[in-house]
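Data first, discussion second: the structure below is written as structure tokens.
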Amino acid sequence: MADGSGTQNEQAVFPVPSSIAEHAHVDNERYLEMYKASIADPEAFWGEAGKRLDWSKPYTKVKDVSFDQSDLHIRWYEDGELNVSYNCIDRHLETRGEQAAIIWEGDDPNQSKTVTYHQLHEHVCRFANVLKKLGVKKGDRVTIYMPMIIEASYAMLACARIGAVHSIVFGGFSPEALAGRVNDCDSEYIITADEGVRGGKNVPLKKNVDEALKHAFGVKKVLVVENTGTQVAMKGGRDVWWHEAAAGVDEFCDPEPMNAEDPLFILYTSGSTGKPKGVLHTSGGYLVWASMTHEYVFDYKDGEVYWCTADVGWVTGHSYIVYGPLANGATTLMFEGVPSYPDASRFWQVVDKHNVNIFYTAPTAIRALMREGEAPVKKTSRKSLRVLGSVGEPINPEAWLWYYNVVGEGRCPIVDTWWQTETGGIMITPLPGATDLKPGSASKPFFGINPILVDADGKELEGAVDGNLCITDSWPGQMRTVFGDHERFFQTYFSTYPGRYFTGDGARRDEDGYFWITGRVDDVINVSGHRMGTAEVESALVAHDSVSEAAVVGYPHDIKGQGIYAYVTLISGVEPSDEIKKELINWVRSEIGPIASPDLLQFAPGLPKTRSGKIMRRILRKIAENDYGSLGDTSTLAEPEVVDELIENRQNR
Ligand code: ATP
Ligand code: MG
């Protein structure tokens, strides 16, 4: 808690296995050396690191940054020119043209395909030529609203090839959410598919686009990829079938030389805290960051099969399915389905089928699978696995241990990677060969990152302490602006603590300098003057055998200022009762202390989550406050129904 001590599990340390350290890109000594160099002289460090890419015109300037309101700008490699798709494809052709670039695994376990770098080149070139034929020009915004079919990656790389700026909208979003994002960035082009398939269910993408376009008027062309073959309405003059447009286009397309600071993509944040922001990333610095973090954080080695289970609709899919791995000439796996289909063994079956070496997923998936017990995991081999990763939320130590012991059988380091859409790539993370692991801690900063903790007034805090997480200086992968709203960029990230990037997250640093993300600062609970992160209380609840998932928020309390309101999902087979409620409250009391024991506890069959699986505490707070009439923007909610159930059974009336 506030004194920097943790609960039992948090004290455990898992040293780097020597088998990993021996062959890793960096061991701890090397990490410290490189880290020090990166902080002492960023110009020199990143000047050198930038050479990992191929530049059509080499840069002579490395960094030009100001976080001041009057002159807020972030530029890296600003006089260099390169093309991102060239770096992800063309430059590998000579050495690894026949190597698998993308392994695609369908929702249906009987469907998969492998695309080599040569084939990827041809597909992307054709896709790029189709876009040109439709009239797409350098700088135009192209909205991609697609399922996890391989064409989604072609579409991204094709945009990059011709200098168009893609804005991917997750295929699970509603027509309203899509329309809002199309309008926000004045996108004149949409790429979609007739339908998507997830967990055996069809998703009517083209129909959603038609619906969205009743509220988005600037769209000139809709390019439709045939996927399931279902019949869809095609509007003359506007809608174009991909296969028709692609007939007869050339299989070569020269990559457009782009300035390092030309935009690569816009991506709206997942909206856990409010109206999504159009995060803008540019070309050079972003790719340096995505590729370098991919190589070091996952300790990626030539020839390995790497699988990130995210959707390309999230930044994780951008940086760690497509851009980072392909820039490194890796084999990246792209999965159309969900962890629970056809059954809870699917992830591990896919691991065995394609001999996956590195596996990267989200705590929400781990918790859901943990709920189903060990049997679905144990019936698979998983012997190919070497490194495991986690991203998106704090991973509760209990879930971490399950991931480590059951999935990884104690042999695979877990990299718990903290980062944000805004940061472009991983910021705080263990490195497999360097960092001793503590379950639940994102641990140490990546090269070039200087994370600090500050109090409410911006005073920097030293030692083992809790505070608001800021980053003191820029890094190449940092977002450059909020699309169309530079003032909002300043207000959101640089106004609270002038001169620093404020992450919006709270963190604790322990006596070994490890960082523990405690949750969003807006979610911090203040009970009788004690500040508490939601992550800690939630982890204590999840550590109980009967609990599968928990979310904790504060609500106004006459005596304490704020009381603790806990929403708890029990594991399959355990029924809610007053006894178990009492048991859980006592459990938290003994795990953390009386100050953390929930005042109200509600059993929740489901929790409101964003489409990327993050718990939306903002909504839970409203319900806990008994103010459920004004839930705010719910367009990014995965299952709106769960909210009604929670309101119905709310405990504070
Ligand atoms: P919005 O900013 O629109 O409210 P969001 O913050 O959920 O949405 P993302 O950029 O997808 O959008 O998520 C970044 C956030 O996710 C981080 O700020 C942090 O709160 C959380 N997060 C990501 N990875 C980790 C991790 N390894 N440990 C703890 N928290 C994490
Ligand atoms: Mg955020």
Side-chain angles (χ1 to χ4, degrees), residues 168 170 173 177 180-181 184 267-279 281 293 297 308 310-320 360-366 388-397 399-400 403 414-430 437-446 451 468-471 477-479 482 488-489 492-493 501-508 514-524 533-536 538-539 608-619 621 632-638:
I168 307 192
F170 173 55
F173 276 156
R181 287 159 176 76
D184 188 80
L267 181 63
Y268 292 85
T269 54
S270 63
S272 307
T273 52
K275 184 177 177 276
K277 299 169 275 284
V279 169
H281 282 288
T293 48
V297 174
C308 163
D311 191 284
V312 291
W314 313 121
V315 72
T316 309
H318 285 61
S319 302
Y320 299 113
Y360 189 31
T361 196
T364 182
I366 298 298
L388 302 172
S390 169
V391 60
E393 287 181 291
I395 179 164
N396 322 99
W400 193 101
Y403 196 19
I414 296 180
V415 289
D416 173 1
T417 63
W418 174 86
W419 60 295
Q420 312 177 295
T421 308
E422 295 89 337
T423 69
I426 295 164
M427 301 283 280
I428 301 182
T429 179
L437 304 173
K438 301 189 186 191
S441 170
S443 77
K444 302 277 187 156
F446 192 72
N468 302 327
L469 180 63
C470 294
I471 313 292
Q478 186 171 23
M479 73 182 283
V482 171
R488 188 174 178 205
F489 181 48
T492 311
Y493 306 102
Y501 170 79
F502 176 42
T503 65
D505 286 341
R508 172 163 62 81
Y514 277 53
F515 286 88
W516 302 73
I517 307 299
T518 48
R520 295 163 201 282
V521 170
D522 298 347
D523 293 335
V524 165
T534 51
E536 244 159 341
E538 288 162 6
S539 290
K609 291 188 184 161
T610 64
R611 295 275 176 170
S612 54
K614 295 179 198 225
I615 298 170
M616 269 168 118
R617 289 184 192 75
R618 170 170 64 84
I619 288 181
R621 209 180 300 126
D633 185 353
T634 53
S635 68
T636 60
L637 207 55

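Just follow the structure's listing: the first ligand is 1, and inside any ligand the first atom is 1. Positions are given from 1, in the same order as the sequence printed here.
Near Ile517, the atoms of ligand 1 lying under 4.0 angstrom from a non-hydrogen atom of the residue are 29 (C), 30 (N). Shown in contact with Trp419 at under 4.0 Å from a heavy atom are these atoms of ligand 1, numbered in order with element: 14 (C), 17 (C), 23 (C), 24 (N). Under a 4.0 Å criterion applied to the non-hydrogen atoms of Thr269, ligand 1 contributes the atoms 1 (P), 2 (O), 3 (O). Taking every non-hydrogen atom of Glu422 and a distance limit under 4.0 Å, the qualifying atoms of ligand 1 come out as 10 (O). Heavy-atom proximity to Lys277, at under 4.0 Å, picks out these atoms of ligand 1: 2 (O). Counting atoms of ligand 1 from 1 in the listed order, those under 4.0 Å from a heavy atom of Thr417 are 24 (N), 25 (C), 26 (C), 27 (N). Every atom of ligand 1 is numbered from 1 in the order shown, and the set under 4.0 Å from a heavy atom of Thr421 is 9 (P), 10 (O), 11 (O).
The side chain of Arg520, and not its backbone, has at least one atom closer than 4.0 Å to an atom of ligand 1 (non-hydrogen atoms only; side chain from C-beta on). Using a 4.0 Å cut-off between heavy atoms, Ala442 makes no contact with ligand 1 at all.
None of Val315, Thr293, Thr503 except one satisfies the side-chain contact (heavy atoms from CB on, under 4.5 Å) rule with Trp419; the exception is Val315.
Residues that satisfy the side-chain hydrogen bond (donor to acceptor under 3.5 Å, both in side chains) test with Thr361, not counting sequence neighbours, are Thr309. By the side-chain hydrogen bond (donor to acceptor under 3.5 Å, both in side chains) test, Tyr268 pairs with Asp184, sequence neighbours left out.
At least one heavy atom of Gly392 sits closer than 4.0 Å to an atom of ligand 1.
Contact of the Leu637 side chain with the Ile619 side chain is registered, since non-hydrogen atoms from C-beta on lie closer than 4.5 Å. Counting only heavy atoms from C-beta outward, the side chains of Gln420 and Met427 never approach each other to under 4.5 Å.
Glu538 and Arg617 are joined by a salt bridge, as a carboxylate oxygen and a charged side-chain nitrogen come within less than 4.0 angstrom of each other.
Residue Gln420 has at least one nitrogen or oxygen atom sitting less than 3.5 Å from a nitrogen or oxygen atom of ligand 1, judged on distance alone. By the 3.5 Å distance cut-off applied to N or O atoms, Asp416 is counted among the residues near ligand 1.
Using the six-membered ring where Trp is involved, Tyr501 and Tyr493 have ring planes that are parallel, under 30° apart on the 30 and 60° scheme.
In this model, a donor atom of one side chain and an acceptor atom of the other lie less than 3.5 Å apart for Thr417 and Tyr360.
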